[in-house]
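Notes for the one structure printed next.
Since the structure is predicted, the reported quantities are computational estimates derived from the model, not experimental observations. Heavy-atom basis, side chains included; hydrogens, waters and symmetry copies ignored. Throughout, a chain's letter reflects where its sequence line sits, starting with A, and its residues are numbered from 1.
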Amino acid sequence: MVGALALTLAACAPANESTGDATGDETTDGGMSLSGELSGGGASTQEVAMEAWRATFQSENPDATVNYDPIGSGGGRENFTSGAFPFAGSDAALDDDEMAAAEAICGEGSVLEYPAYISPIAVAFNLEGVDELNLSPETIAKVFKGDITKWNDKAIAADNEGVDLPDTDITVVHRSDDSGTTENFTSYLNTVVPDVWDFEVEGVWPVEGQESAQGTSGVVNAAEAGDGTITYADASQVAGLGTIAVGVGDDFVPYSAEAAAAVVEQSPRVEGTADTVFVYDLQRDLAGTYPIVLVSYQMACATYEDEATAALVKGFLGHVMSEEGQQEASDQAGSAPISSALIGEIAPEIEAITAG
Amino acid sequence: MNTTISAAEAMQQTKEMLTASGQRRKNVDRMMTVVIWFCFALALAPLVSLLWTVLGNGIGRMSIDFLTLSMRNVFPGDPGGGIYHAIVGTLIITGFAALISVPVGVLTAIYLVEYGRGPLARAVTFFVDVMTGIPSIVAGLFVVALFTLILGPGARIGVMGAVALSVLMIPVVVRSSEEMLKLVPNELREASYALGVPKWLTILRVVLRTSVAGLTTGVLLAVARVIGETAPLLIAVGVTDSFNVNPFDGRMMTLPVFAYREYSQGNAPCREGDLGCVTDIAFQNAWGAALTLIAIVMLLNIVGRLVNRWFAPKLR
Amino acid sequence: MTITDSPPSGEAPPGPRGRVVRRRASGDTERGFSRIFRWIATGAGALILAVLAAVALFLIARGWPAITATPAELADSVPRYPDDTSLVAYVGPLVFGTLLAAVLALLLATPVGMGIALFISHYAPRRLAQGLGYLVDLLAAIPSVIYGLWGFLVLAPVLKPVWFWLGENASWFPLFAGKVSATGKSIATVAVVLAVMVLPIITAVSREVFLQTPKLHEEAALALGATRWEMVRTAVLPFGRSGVISAAMLGLGRALGETMAVLMILSPGFTYSLHLLEAGNHQTIAAYIANDFPEASGLAVNTLIATGLALFVITLAVNMLARWIVARRKEFSGAN
Amino acid sequence: MSKRIDAKDVNIYYGDFRAVESVSMTIEPRSVTAFIGPSGCGKTTFLRTLNRMHEVVPGAHVEGKVELEGVDLYGPDVDPVAVRRTIGMVFQRPNPFPTMSIRDNVLAGVKLNNRRISKSDADELVESSLRGANLWSEVKDRLDKPGSGLSGGQQQRLCIARTIAVRPEVVLMDEPCSALDPISTLAIEDLIQELKKDYTIVIVTHNMQQAARVSDRTAFFNIAGTGKPGKLIEMDDTATIFSSPREKDTEDYVSGRFG
C-alpha cells in the first residue's frame with residue numbers, strides 16, 4: 001500500500017527533475033549516460049564545491065543522483081572505512097589504522113586518496129575603521145594565544161605603519177567543533193612559530209576560555225557580531241570582514257587562490273604509501289605562497305563489487321578531478337583549482353576504477 | 001447587634017463597609033493584573049521578533065518556483081531551485097512519526113489513566129518522563145545503530161528518521177494525553193458503565209470523545225516539537241537535493257535539515273560581474289525554508305483547531 | 001449493545017458455586033473486546049518501556065568502552081580530554097553546564113509561562129483568549145535551528161547591552177562577575193533562548209489545567225470576597241499545581257536535551273564557573289555531543305555516548321525529584 | 001449583623017439577552033426569604049446579582065438598583081469584592097477547597113481579608129464558625145484533614161462555616177440542599193433556622209416543602225416561555241403564598257399543577 005502511495009506521489013515530482021523513463025532514449029550526444037544513486041559524505045568544507053560538481057554531473061547524467069552528507073571529516077572517514085560510503089571527503093588523510101580498515105573494505109593497496117579541494121584559510125577580523133592589516137606569524141600566534149590583548153599593541157603597530165589602531169580589546173573567536181580548518185591553521189602556527197605556538201596540532205582548538213562558534217558560518221557570524229574580534233575561516237566565507245596579509249619571509253602575502261594552490265604544488269608527497277595515495281607534507285614558508293591552506297581529501301576504492309557503483313564513482317570523481325570540475329569549484333566555491341600537472345597524475349587512477 | 005442606631009447611621013456604616021475594601025489588597029490585585037499582562041507581552045516580544053525576522057528574511061525568497069522545484073542541479077550562488085523535495089520529505093517523515101507515536105502514545109496514556117495500577121504503571125509513568133530527556137541526537141544515534149543491525153551499514157532512509165522522531169515524540173504525546181484524560185470527570189465514566197457500556201467502548205466513546213480537544217492540542221504540540229528536529233535527521237536520513245517520496249528507499253530532505261545545511265554553507269563566492277550569482281542565496285534559502293516550515297505548522301494548527309471546534313463536545 | 005451474558009442478579013442465587021467470587025471488583029468484569037483492549041493499552045505501555053530499555057542498553061553498551069577505559073587511553077584518543085582525569089571529572093563540567101542552562105531557563109520560563117497561562121485562562125478578554133493561546137503555541141512550532149539563528153543574530157545584540165550593564169553595575173553579584181562576552185555568546189543568552197523555547201510547552205499544559213479549574217471553587221473564592229488575584233491564588237493555582245509541575249518537567253526535558261540552539265549560540269568551555277556572562281566557560285551535554293560527534297571516531301565516540309548516558313541519568317534524577325515533590329502533596333491534590 | 005436589601009426595578013442581561021425583567025422587592029433583616037419558581041425563571045440569576053456574583057459570567061450586566069441599607073451595591077465607588085464579603089454565598093454543590101484542610105477552609109475568607117491573625121484568634125474563629133454550622137463535634141478531631149474527605153452534608157456545612165467565618169451581613173443560599181440526602185437536608189434546614197437569628201438569609205429552592213418549612217417570606221418567579229425574561233410574579237409571607245396567593249400562576253405552581 002505504501003508502495004502504491006509512493007508511486008502516486010512520484011507523479012508529483014518537481015518540474016526540474018525530468019523523469020528519464022518518460023522518453024526512453026536519452027538525447028545526450030549518443031554517449032552513454034550513467035544512472036542510479038551514489039551517496040557519500042564527510043567534510044563540510046567540500047559541501048559547496050560538491051554542490052557544483054553534483055549539479056554538473058547530474059545534468060549530464062539525468063538518471064543519476066549523487067548525494068553528499070556534510071557530516072564532518074571524522075564521520076566521512078568512519079563511514080568510508082566501514083563500507084557505508086563508497087566515497088568520502090575528509091580534511092585529514094586516513095591514519096594508519098583507518099587505512100588498514102579501508103584496505104579491508106577496498107582490498108590491499110587499492111584505496112584511492114587525493115586532494116580534491118584546496119582553499120586558503122583567511123585570518124579575518126572585525127575592527128571599526130580598519131579593513132586590512134599585515135601581521136607576522138609570531139604576532140598572529142601571540143594574538144590567538146591570548147598574549148596580545150589590545151589592537152594597538154606595539155607588535156601589531158610595528159607591522160602596520162601609518163594605520164590608526166584603536167585601543168580595543170582583542171576577542172579571539174575560534175571553531176568550537178573539531179575541524180580541519182583548525183587543524184590546518186594550528187599546524188601552520190606550529191610549523192612556523194613553534195616556540196610561541198607550543199600546542200599539539202589537533203582539530204580541537206587548544207586555548208581555553210576564548211569565544212568560539214560552530215562551523216565556518218558560525219565563526220564568521222560571531223566575528224561580525226562583536227567589535228575587535230579576530231578569527232580564521234575558509235577564505236570564501238569572509239566577505240564582510242577585514243583580512244590579514246600574512247608574513248612569509250620578508251613579505252606580507254594576502255590570501256588568494258593561486259598563492260594557496262602553489263603550496264600543494266610545491267610540497268612533497270608523503271612517502272611510504274601506495275601509488276594511489278596522494279597525501280602531501282605541506283611546506284609553510286615557501287616564498288610567494290599563501291601558507292595557511294586547507295587541503296581536503298577525497299577517498300574511494302580502486303575496485304568495487306558492484307558494477308553500477310564503480311561506474312558512478314568513476315564518472316563522478318572523474319568529473320571532480322578534471323580541469324572543468326576544478327574550475328567549477330573555483331568559480332562556485334572560491335577554492336583554489338588543483339594544477340593541471342597534479343590532475344594529470346591523479347585522473348588516470350580514477351579512470352582505472354573497476355568493478356570486480 | 002442593637003436596634004437603636006438610626007437609619008442614616010446604618011447607611012453610613014454600610015457604605016463604609018462596601019467601599020473600604022483593603023487598599024493593599026486592591027493594589028496587589030492591580031499589580032498582579034499588570035504582571036500577568038506583562039508576562040503575556042513578554043512572550044509576544046520574542047514571538048513577534050522571531051516571526052518578523054523569519055518573515056522579513058524569508059518572504060523575499062518565496063515564489064511558486066521556490067515551492068515547487070527541488071535543489072537538484074542547482075549551482076552554489078544560483079538563485080534558482082526550491083524546497084519542494086524538503087517540504088515533501090518533512091511531511092512524509094513527520095507523518096510517519098505521528099503514525100507511530102499517536103497510537104502508541106494515546107494508548108499508553110489510556111493504560112496509565114484507565115488501567116494503570118501496580119508496578120508496571122508506575123514504571124511507565126516514570127520512564128516516560130525520563131524519555132522526554134533523551135537528547136535528540138542520541139535518538140538519532142540509536143536509530144542508526146538499530147537499522148545498521150537490520151540493513152547493514154550506510155542505510156539512510158526516511159523511515160529511520162520517522163522512528164527517531166517518534167522516540168522523541170511518544171513521551172510528549174503520552175504526557176499531555178495523560179494530563180487530558182485525567183481531567184475527564186469520573187462521573188462520566190460511571191454514568192457510562194451504569195448504562196451497561198463495556199469499558200473499552202466507554203473509553204473510546206466517552207473518555208476520548210470528551211478529551212479530544214486536549215488530545216489534539218497535545219498531538220499538535222508534539223508534532224511541532226519534532227517537526228523542527230535537525231540533528232537526528234541529519235545522521236539518520238542524510239541529505240539529498242532530489243525529490244524522493246519513498247520513505248523505505250533512499251535519502252530524503254527535510255526542511256530543518258535543509259535550513260541548517262544552507263545556513264552552514266554561508267556566503268557563495270561570486271565572481272565580479274556574474275549577475276546570475278547571489279552571494280547570500282544560501283541564507284535566503286535557509287530563511288525561506290524556515291518560513292515554509294512555520295507556515296506548515298501554523299496550517300496544521302489551524303486544521304487541528306477546526307477539527308477541535310467541530311468535534312469537541314461542549315463541556316461548559 | 002450490551003454484552004453481559006450473566007443472568008439478571010435477581011435470578012442468580014447467591015449460591016455455593018461462588019459466582020460472586022469470580023467477579024472481583026465491579027469495574028473488572030471484563031469480557032470480549034474489553035479484555036483485548038486492556039491488553040492493547042498495556043502493550044503500548046510495555047512497548048515504551050521496551051524502547052527505552054533498548055535506548056538505555058544501546059547507551060550503556062556503546063558507552064561502556066569509555067567507562068572502563070583508563071584515563072591515559074581516553075586522553076590519547078579523545079581530542080579534548082585532559083591528562084590524568086577520570087571520566088567522571090571530565091563529564092562533571094558538562095553536567096554542570098547542562099543543569100545550569102536548563103535550570104536558569106526554567107527559572108525564567110515557569111513564572112512567565114504560568115502568567116501567560118493565567119492570562120489566557122482568566123484575564124484576557126474571552127474573545128481574544130483562544131487566538132492569543134494559539135499565538136503562544138506558535139512558539140513551539142519554530143524549529144530549534146531558527147531559534148539558534150534568531151538567538152544569535154537578533155537576540156544576542158539586544159541582550160548584549162543588558163549583560164554589559166549588569167557586568168558593570170552588578171558584578172558584586174557572583175553570577176554577573178567576570179569579563180562580559182563581546183559577542184553575547186554566553187550561557188545567559190542561551191538561558192534566555194531556552195526559556196523562550198520551553199515557554200509554549202509550559203504555557204500550553206498549564207493553560208489547559210487552569211481552564212479545568214472547577215467553576216465551583218472559583219466562585220467559592222469570589223463569594224468569600226476574594227479579588228481576582230486572590231481567587232487565582234486560592235482556587236486556580238492549588239488546583240493546577242501538579243499540572244504546572246508536570247508542565248515544567250516537560251519544559252525541563254526539552255531544555256536539558258536542546259541541541260541546535262545551544263550549539264549555535266554558546267561559546268563552549270569546560271569549567272564549573274558561575275559567571276553567567278562570560279563566554280567560553282560552559283557547555284551542555286547535548287550540544288557537546290552534536291558538536292564533537294561528526295569528527296569523533298573510536299573511543300571518542302564511546303566517550304560521547306557515555307556523556308549521553310550522563311544526560312539520561314540526570315533526567316532520571318530530575319524526574320525522581322519532581323515525582324517526590326508531587327507525591328508529597330498528593331493528599332491535597334486538586335485532581336478528582 | 002444583618003441588613004435589609006431593597007431591589008428596585010432590576011433588569012439582568014447576558015449580553016443582549018434579558019434574563020430577568022424588572023424585579024423590585026425588599027428583603028427583611030433577620031428573616032429567611034425563599035425564592036421559588038420553575039427552572040430557568042431567573043431566581044438563581046437574581047440571587048447572584050444580590051452579591052454581584054453574576055458578573056463572573058462574561059457579558060452579564062444589570063440595570064436598576066440593589067440597595068443594602070440604602071447603599072446601592074452598583075454605585076460607582078462600591079467595590080464588588082467588598083460586596084461579596086459583606087454578602088456571603090453558599091452554592092448548590094458543596095465546594096470546599098480541595099487543596100486545603102478543614103481548618104484552612106474555614107479560615108480561607110478571613111485570611112484573604114487580613115493576613116495576620118493570631119493562632120488563638122484563628123482557633124477561636126474556627127471553633128465558633130464550625131459550631132455555628134453545627135459541624136464542630138463531627139470534625140474537631142480532624143481539622144487538618146482535607147475538606148474533600150467529608151460527606152456531602154458535612155461539606156455543605158463546612159461551606160456554610162466558611163461563609164459565616166467572614167461575618168457577613170447577608171447569606172445567600174443557592175439550592176443548598178439539592179445535592180444532599182434527607183438527613184443532611186434536615187441538618188441544614190435546622191441550621192438555617194439558627195442562622196436567621198443573626199443573618200439575613202435568602203434561599204433559592206426547588207423544594208416547596210422546604211420553602212414552606214424554613215422561610216418567613218417567599219418570592220415566586222416565573223417565565224412566560226423560552227427566550228422570554230423571568231419575572232417576579234408575587235412576594236408575600238410564606239403562609240400567604242402557600243395558602244392564598246393572589247396570582248393564579250402562583251397557585252398553580254404551589255399546588256403542583258405545573259413546574
Against chain A, label C:Ile265 side chain, backbone, both or neither, depending on which of its atoms sit under 4.5 Å from a heavy atom there. neither

Of the backbone (N, CA, C, O) and the side chain (C-beta and beyond), which part of C:Pro157 lies under 4.5 Å from a heavy atom of chain A, both, or neither?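 Contact with chain A is absent: no heavy atom of C:Pro157 under 4.5 Å.
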
With a 4.5 angstrom heavy-atom cut-off, could you sort out which part of [X] is near chain C: side chain, backbone, both or neither?
{"X": "A:Ser176", "answer": "both"}
{"X": "A:Gln210", "answer": "backbone"}
{"X": "A:Thr229", "answer": "side chain"}

Nearest-0.5 Å distance that lies between atom [atom1] in [X] and atom [atom2] in [Y]:
{"X": "A:Thr171", "Y": "C:Lys179", "atom1": "OG1", "atom2": "NZ", "value": "4.5 Å"}
{"X": "C:Leu263", "Y": "A:Gln214", "atom1": "CG", "atom2": "CD", "value": "4.0 Å"}
{"X": "A:His174", "Y": "C:Ser267", "atom1": "NE2", "atom2": "OG", "value": "7.0 Å"}
{"X": "C:Thr183", "Y": "A:Glu224", "atom1": "OG1", "atom2": "CD", "value": "12.5 Å"}

Over all atoms of both residues, closest heavy-atom pair of C:Asp292 and A:Asp177: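 Heavy atoms of C:Asp292 and A:Asp177 come nearest at OD1-CA, 4.5 Å.
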
Looking at A:Ala222, A:Gly226, A:Gly209, A:Ser179, which has the largest count of heavy-atom pairs under 4.5 Å with chain C? A:Ala222

Among the listed options A:Gly74, A:Gly76, A:Ser212, A:Gly228, the residue most often paired with chain C at heavy-atom distances under 4.5 Å: A:Ser212

Option that, when pairs with chain A are counted at under 4.5 Å, heavy atom only, ranks first among C:Gly269, C:Ala300, C:Ala182, C:Ala290: C:Ala182

Residue A:Asp96 excluded, over 12 heavy atoms near CG under 6.0 Å: no

